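Reviewing the structure listed below.
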Amino acid sequence: QVQLVESGGGLVQAGGSLRLSCAASGRTFSRYAMGWFRQAPGKEREFVAAISWSGGSAYYTDSMKGRFTISRDNAKNTVYLQMNSLKPEDTAVYYCAASNRVYSLSYYTDIDKFDYWGQGTQVTVSS
């Protein structure tokens, strides 16, 4: 069982930056692939980024590539999402997720590939 707690959301102006954190419980964090998703009001949850258990590989949705960076610190049981050049359309609740199943990173765009979810953190980008 893994419990995930996101933090770092807030209100930021367009062009600004935020770093989200997701702290995981449990001693097996390093065995999980991790992902970030987001959900805007009235929209489906969408994939943002995923990172391998080692942190050596990452995968992004095209629209966020170059602006967002996912990373992890297995010693701290934490995964991060650095978000730069934020736009109003990035406004959403951001969720982290953990998967104990092994796939190619591109498969983690599907929410069904993840086993555990955090409660989400709100990011609001003003124009």
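Note that the structure is predicted; figures quoted are calculated from it, not measured. As a basis for the values below, the full set of heavy atoms in this structure was taken, side chains included, without hydrogen atoms, waters or symmetry mates.
- Residues Thr78 and Lys76 come closest through the heavy atom pair OG1-O, 2.8 Å.
- Under a hydrophobic-cluster definition in which Ile, Leu, Val, Met, Phe, Trp and Tyr are linked whenever side-chain heavy atoms come within less than 4.5 Å, directly or via other members, Tyr80 and Tyr60 are assigned to different clusters.
- Salt-bridge annotation for Asp90 and Lys87: absent, with no side-chain N of the basic residue lying under 4.0 Å from a carboxylate O of the acidic one.
- Ala58 and Ile70 make their closest contact through CB-CG2, 3.7 Å (heavy atoms, listed as atom of the first residue, atom of the second, distance).
- The neighbour count for Arg31 CZ, taken as heavy atoms of other residues, nucleotides or ligands under 6.0 Å away, does not exceed 12.
- Formation of a donor-acceptor pair under 3.5 Å by the Ser99 side chain with backbone atoms of Lys113 is found in this model.
- Summarising the geometry, atom OG belonging to Ser52 is positioned 7.0 Å from atom CZ belonging to Arg72; distances are rounded to the nearest 0.5 Å.
- The backbone N or O of Tyr108 lies less than 3.5 Å from no partner atom in the side chain of Tyr103, so there is not a single donor-acceptor pair.
- Heavy-atom minimum distance, Asp73 versus Phe29: O-CE2, 4.1 Å.
- A donor-acceptor pair under 3.5 Å is formed between the side chain of Arg67 and the backbone N or O of Ser85.
- Contact annotation: the side chain of Val102 never approaches that of Trp53 to less than 4.5 Å [non-hydrogen atoms, C-beta and beyond].
- Atom CD of Glu46 sits about 4.5 Å away from atom CE of Met64, to the nearest 0.5 Å.
- In the hydrophobic clustering of ILVMFWY residues, with side-chain heavy atoms under 4.5 Å counting as a link, Tyr95 and Trp36 come out apart.
- The nearest pair of heavy atoms linking Phe37 to Ile111 is CE2-CG2, 3.4 Å.
- In this structure, Tyr59 and Phe47 have tilted ring planes: the angle between them lies in the 30° to 60° band.
- Distance CZ/Phe68 to OH/Tyr94: 4.0 Å, rounded to 0.5 Å.
- Under the 4.5 Å side-chain heavy-atom criterion for grouping Ile, Leu, Val, Met, Phe, Trp and Tyr, Val93 is not connected to Tyr116 through any hydrophobic cluster.
- Residues Ile51 and Tyr32 form no side-chain contact, since every pair of their non-hydrogen atoms from C-beta on lies 4.5 Å or further apart.
- In this structure, Asn74 contributes its side chain and Ser30 its backbone to no donor-acceptor pair below 3.5 Å.
- If you take CD on Gln39 and CD on Gln122, they are separated by 11.0 Å, rounding to the nearest 0.5 Å.
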Run the side-chain donor-acceptor check on residues 1-14: report pairs under 3.5 Å with partners two or more places apart or on a different chain.
{"unit_1": "Glu6", "atom_1": "OE1", "unit_2": "Gln119", "atom_2": "N", "d": "3.0"}
{"unit_1": "Glu6", "atom_1": "OE1", "unit_2": "Gln119", "atom_2": "NE2", "d": "3.4"}
{"unit_1": "Glu6", "atom_1": "OE1", "unit_2": "Gly120", "atom_2": "N", "d": "2.9"}
{"unit_1": "Glu6", "atom_1": "OE2", "unit_2": "Cys96", "atom_2": "N", "d": "2.9"}
{"unit_1": "Glu6", "atom_1": "OE2", "unit_2": "Gly120", "atom_2": "N", "d": "3.3"}

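- For the atom pair Gln82 CD and Leu20 CG, the distance stands at 8.5 Å (nearest 0.5 Å).
- Taking CE of Met34 as the start and CG of Asn77 as the end, the distance is 9.5 Å to the nearest 0.5 Å.
- Here the shortest heavy-atom pairing between Ala33 and Phe114 reads O-CE2, 4.2 Å.
- Of all non-hydrogen atoms in Ala40 and Thr91, the two that sit nearest each other are CB-O, 3.7 Å.
- In Tyr107, the OH atom is not crowded: 12 or fewer heavy atoms of neighbouring residues, nucleotides or ligands sit closer than 6.0 Å.
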